[in-house]
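Since the structure comes first, as structure tokens, the remarks are kept for the end.
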Amino acid sequence: MLYLVPTPIGNLEDITLRALRILKEVDMVLAEDTRTSRKLLDHHGIQARLRAFHAHNEHGVTANLVAAMQGGQSIALISDAGTPGISDPGFLLVRACVQAEVEVVCLPGPTALIPAAVGSGLPCDRFHFEGFLPHKKGRQTRLIFLATLPNTFLLYESPHRLLKCLEQLAEHCGGQRPACVVRELSKVHEQYHRGSLEELITYFRENTDKQRGEIVLVVGGA
Ligand code: SAM
């Protein structure tokens, strides 16, 4: 059995009782960065058998992990923060499990995109999640596609690319498009900056100290 276990995106209290129980019960916990995850597990007094599972080894270790689960072991996958498989490793392992008829259970829990979508104040009855835009090749194509979407869309972005990303979005969507820059969800400095793309560009140009932290960009539909 494979469990996908969401972990906090900032506030350590954001972990469910079920997540803690599963992490205690499984035979092995796969983690993106074992040092980061060890701290979380120690915080909750969980002595799990931790193994590394990340973008650089997932292709190599997936078959052995599936074989271990077919042999009766239960495994939990966690990422550094949030839900595994959401802009994090997970998909390959889930697909391999599905193909091998190993049961997969994804626990509901923390992820940055849902509180950003709901708290932005932009329509969230329907939305598109884009994840990270490609840095170079393919970026333009994605921006053209996003600009035509009728629904709210969400991007993950790093703080040092925020301004450039807002400028490119304004170029493609128009400066009047409503948007929201969501920073540091569930942390001490959590902030929602709402306004048109043009207003947000002006704000972040003037407040370089706010080009920090973890960011979700929410943009209204066309
Ligand atoms: N698996 C995670 C999830 O479920 O949201 C996403 C992992 S992805 C590698 C990291 C990105 O998620 C960050 O660069 C940022 O865009 C977003 N993110 C993660 N934690 C966040 C937070 N506390 N506040 C705002 N955005 C966050």
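Start at 1 and go down the list; that is how both ligands and their atoms are numbered. Basis for what follows: all heavy atoms, side chains included, without hydrogens, waters or symmetry-related copies.
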| query | So do the side chains of Arg161 and Gln211 get within less than 4.5 Å of each other, counting heavy atoms only? | reply | no

| message | For a 4.5 angstrom cut-off between non-hydrogen side-chain atoms, does Cys165 reach Leu133? | response | yes

Could you tell me, atom by atom, which parts of ligand 1 come under 4.0 Å of a heavy atom of [X]?
| X | answer |
| --- | --- |
| Lys187 | 23 (N) |
| Thr83 | 1 (N), 3 (C), 4 (O) |
| Glu157 | 16 (O) |
| Gly82 | 3 (C), 4 (O) |

What protein heavy atom is closest to [atom], reported as residue, atom name and distance in Å?
| atom | answer |
| --- | --- |
| atom 25 (C) of ligand 1 | Glu214 O, 3.2 Å |
| atom 5 (O) of ligand 1 | Tyr156 OH, 2.7 Å |
| atom 14 (O) of ligand 1 | Phe132 CZ, 3.4 Å |

| field | Lys/Arg-Asp/Glu bridge criterion (N-O < 4.0 Å) met for Glu199, Arg194 | value | no

Taking [X] for its side chain and [Y] for its backbone only, find out whether a donor-acceptor pair lies under 3.5 Å.
| X | Y | result |
| --- | --- | --- |
| Arg183 | Arg212 | yes |
| His54 | His56 | yes |
| Asn207 | Tyr203 | yes |
| Ser120 | Ala117 | yes |
| Thr152 | Pro123 | yes |

| request: For residues His172 and Phe145, establish whether the separation of their ring centroids is below 6.0 Å. | output: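 Distance test on ring centres: not under 6.0 Å, no.
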
Heteroatom proximity flag, [X] to ligand 1, N/O under 3.5 Å:
| X | answer |
| --- | --- |
| Pro110 | no |
| Ala81 | yes |
| Ala112 | yes |
| Ser87 | no |
| Ile86 | yes |

| field | The one among Ile215, Leu185, Asp88, Val216 that brings a heavy atom closest to atom 24 (N) of ligand 1 | value | Leu185

| said: Counting only heavy atoms, tell me which of Asn11, Ile114, Thr111 gets closest to atom 4 (O) of ligand 1. | reply: Thr111

| message | Less than 4.0 Å is my threshold; does some heavy atom of Ser158 fall inside it relative to ligand 1? | response |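 Contact check Ser158 vs ligand 1: negative.
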
| request: Decide side-chain contact (heavy atoms from CB on, under 4.5 Å) for Gln168 and Gln140; before the verdict, give the C-alpha distance in whole Å, the side-chain angles of both, and the deciding distance to 0.1 Å. | output: CA-CA 9 Å; Gln168 289 178 329; Gln140 184 84 349; 5.9 Å; no

